[in-house]
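What follows is a set of notes on a single structure, which appears directly below.
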2 protein chains.
Amino acid sequence: MSSGEDDLIARYFKPIAADPGALRLADDAAVLKGGGDDLVVTTDAIVEGVHFLSNDPPETVAKKALRVNLSDLAAKGATPAGFVLTLALRDANERWLAPFARGLGDDAAAFHCPLLGGDTVSTPGPLMISIAAFGRVPPGGMVMRSRAEPGDRIVVSGTIGDAALGLAILKGKLMASDAAVRETLLGRYRIPQPRIGLAGALRNYSRAAMDVSDGLAGDLAKLCAASGVSAVIDAASVPLSEAVRGLMQQGQTSLATAVSGGDDYEILCTIPEDRFEAFAEAARGVGVAVTSIGAVVAGKTAPKWLNAEGKEIALPRLSYSHF
Amino acid sequence: MSSGEDDLIARYFKPIAADPGALRLADDAAVLKGGGDDLVVTTDAIVEGVHFLSNDPPETVAKKALRVNLSDLAAKGATPAGFVLTLALRDANERWLAPFARGLGDDAAAFHCPLLGGDTVSTPGPLMISIAAFGRVPPGGMVMRSRAEPGDRIVVSGTIGDAALGLAILKGKLMASDAAVRETLLGRYRIPQPRIGLAGALRNYSRAAMDVSDGLAGDLAKLCAASGVSAVIDAASVPLSEAVRGLMQQGQTSLATAVSGGDDYEILCTIPEDRFEAFAEAARGVGVAVTSIGAVVAGKTAPKWLNAEGKEIALPRLSYSHF
């Protein structure tokens with residue numbers, strides 16, 4: 001005697017819930033062994049039509065839902081320990097669920113972050129995937145947003161702006177005639193790369209960190225506000241992909257768009273000057289590019305963005321807001 | 001420099017996130033100190049039009065969203081430690097958000113289960129509230145569904161069927177001319193009573209437990225299946241409120257409806273015979289009524305429901321399923 005909901009869970013999600021703490025998804029709750037660590041808890045949801053598009057492949061929707069949470073764990077210096085999933089579906093459509101579960105399972109395995117439990121509910125509205133993810137740090141080891149100090153270097157991982165332009169292409173707001181450029185940017189929008197490899201280096205060397213999800217400019221302002229400091233950014237040093245540089249040269253986009261677009265899921269952190277080399281070395285060791293883009297300064301004013309001539313750039317919109 | 005989303009969080013949710021681990025909701029994640037305990041993790045979502053109605057008071061929607069999760073923690077023998085919230089809203093409507101946050105904050109305080117973090121997203125569809133809640137048990141102490149043994153008593157807390165009839169009244173499918181009956185049943189639908197007080201007694205005396213959320217008959221079948229056992233239930237002993245008894249006497253509802261309706265959020269557990277008195281005594285100590293309704297028996301057949309004459313009752317529908 002099984003309901004449709006139980007069948008759905010048994011069929012698609014039990015196979016990817018191999019952790020003993022998941023109790024084969026056959027109980028009301030999961031168990032996370034404490035083991036002396038602090039647990040870092042984060043939650044992020046993605047909504048059809050807002051964070052992903054109706055015709056995005058189900059595999060990439062699943063990966064994005066998990067990865068936006070893994071990105072938060074990485075920024076906090078945490079090692080993934082598991083996640084729970086809430087899935088709001090209009091119907092139990094196998095053609096969507098099978099690839100969704102496959103994508104989720106592949107990433108859960110790749111990032112050593114097992115599915116521990118969840119809830120599946122019906123909705124007449126858009127699909128929504130909400131994940132709460134858990135990571136471990138040694139006691140007191142979570143990297144905060146609020147500890148940046150004047151003199152720290154400001155560092156970002158990877159490249160900035162790709163995902164926002166990927167979304168602009170999908171929405172028909174931006175033309176990218178070069179197929180390779182198009183694929184690169186779409187891929188960055190659909191499948192973020194959580195910088196889990198950087199977690200240890202962040203714990204060891206950074207003073208403050210967060211992930212860049214709502215746009216670099218706005219997220220930097222949040223980090224500065226949380227730390228009670230300001231910043232000076234050398235706009236020309238913001239790391240951009242070849243794809244974005246090319247579109248900028250064609251006049252199709254601007255730096256302001258790249259740094260306010262969101263969905264980057266890169267790491268923004270501050271590193272004391274005397275630890276920067278060690279941090280950069282550790283980042284090279286895990287194959288993640290990191291770039292110093294400015295410095296933390298004393299004060300409570302908004303971060304200053306300077307162009308190559310040292311003149312301040314006005315950013316019309318700092319970040320994405322839902323409301 | 002704050003976005004609308006940040007304003008909303010600062011205004012409504014920061015005041016109810018007083019736990020130090022919540023970091024004033026100003027970071028990407030929260031910290032849960034391990035402290036040697038096992039953490040019990042559960043997640044449940046409620047959707048407008050499915051689990052609550054558009055015109056339900058926002059306070060009760062908030063309370064229900066948290067309480068359905070607290071009910072799971074109680075059934076697992078866990079002491080609440082905190083929760084994270086995903087709120088999918090069509091707009092940031094203060095007249096809805098202010099009472100919602102107040103209801104949530106009142107319950108977070110009453111049940112010692114602080115808000116630790118969350119995500120607020122916009123949706124064009126129905127409101128949805130997803131909560132992941134955390135509880136603590138001593139290592140290895142979580143009460144499972146799967147440990148029931150033949151000879152155990154089958155016990156439920158409170159009364160069964162009230163909430164399902166409350167929903168039927170709200171949907172206009174059931175008339176309740178008596179205002180007191182009506183209010184009782186609506187209250188049970190809108191504001192479940194998580195049996196947090198029973199957590200210690202369940203840990204100490206029960207062999208298996210779960211909460212009754214999808215209907216007693218279906219949930220009992222799940223517990224039996226998870227434990228590899230069957231059960232015999234004395235249907236006449238199922239605890240019913242005066243309100244439900246009255247409606248049954250009027251021929252407006254039936255026992256079958258009461259035990260398959262869902263939304264009870266009572267505890268279903270199995271207790272070895274020699275521990276039953278101690279369990280009942282502990283339950284009295286925390287002011288929760290518990291009733292023995294049958295026994296676990298060997299076998300893998302579906303649980304048998306017997307009437308006062310010992311004849312088997314056929315239940316047309318065991319439980320609520322979303323799909």
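Computed from heavy atoms alone, side chains included, the values below leave out hydrogens, waters and symmetry copies. By convention in this document, chain letters (A, B, ...) are assigned in the order of the sequence lines, proteins followed by strands, and residues within each chain are numbered from 1.
Proximity to chain B is absent for every atom of Ala225(A), based on heavy atoms less than 4.5 angstrom apart. For Val47(B), the part lying under 4.5 angstrom from a heavy atom of chain A is the side chain only. Both the backbone and the side chain of Met210(B) come within contact range of chain A, each with at least one heavy atom under 4.5 Å from a heavy atom of that chain. In this structure, no portion of Leu223(B) lies under 4.5 Å from any heavy atom of chain A. In this structure, chain A has no heavy atom under 4.5 Å from any part of Ala133(B). Of the atoms belonging to Asn69(B), not a single heavy atom falls under 4.5 Å from chain A. For chain A, the nearby parts of Lys33(B) are the backbone and the side chain; heavy atoms of each come within less than 4.5 Å.
One finds the CG atom of Leu39(B) at 11.0 Å from the CG atom of Leu116(A) (value rounded to the nearest 0.5 Å). With rounding to the nearest 0.5 angstrom, the OG1 atom of Thr86(A) is 7.5 Å from the CG atom of Asp44(B).
Between Val50(B) and Pro124(A), the shortest heavy-atom distance links the atoms CG2-CD, 4.5 Å. Between Thr43(B) and Leu85(A), the closest heavy-atom pair is CG2-O, 4.1 Å.
Contact count against chain B (heavy-atom pairs under 4.5 Å) is highest for Pro126(A) among Ala209(A), Ala226(A), Pro126(A). For the set Gly117(A), Ser130(A), Gly135(A), the count of heavy-atom pairs under 4.5 angstrom toward chain B peaks at Ser130(A). Counting heavy-atom pairs closer than 4.5 Å to chain B, the top-ranked of the candidates Gly125(A), Ala45(A), Ala132(A) is Ala45(A). Interface check for chain B: of the options Arg24(A), Arg136(A), Met144(A), the most heavy-atom pairs under 4.5 Å are formed by Met144(A). Ranked by heavy-atom pairs under 4.5 Å with chain A, the list Pro139(B), Gly140(B), Gly118(B) is led by Gly118(B). Among the candidates Ser146(A), Ala26(A), Ala88(A), the residue making the largest number of heavy-atom pairs closer than 4.5 Å to chain B is Ala26(A).
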- Task: Check step by step if side chain to side chain contact (heavy atoms under 4.5 Å, CB included) holds for Met142(B) and Asp27(A).
- Result: CA-CA 11 Å; Met142(B) 187 175 114; Asp27(A) 213 303; 4.2 Å; yes
- Give the intermediate values and the outcome of side chain to side chain contact (heavy atoms under 4.5 Å, CB included) for residues Thr123(B) and Glu48(A). CA-CA 8 Å; Thr123(B) 175; Glu48(A) 182 183 25; over 6 Å; no
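Atom CZ of Arg147(A) sits in a sparse spot, with 12 or fewer heavy atoms from other residues, nucleotides or ligands closer than 6.0 Å.
Counting only distance, with no hydrogens or angles, the side chain of Asp28(B) and the backbone of Asp72(A) share no donor-acceptor pair below 3.5 Å.
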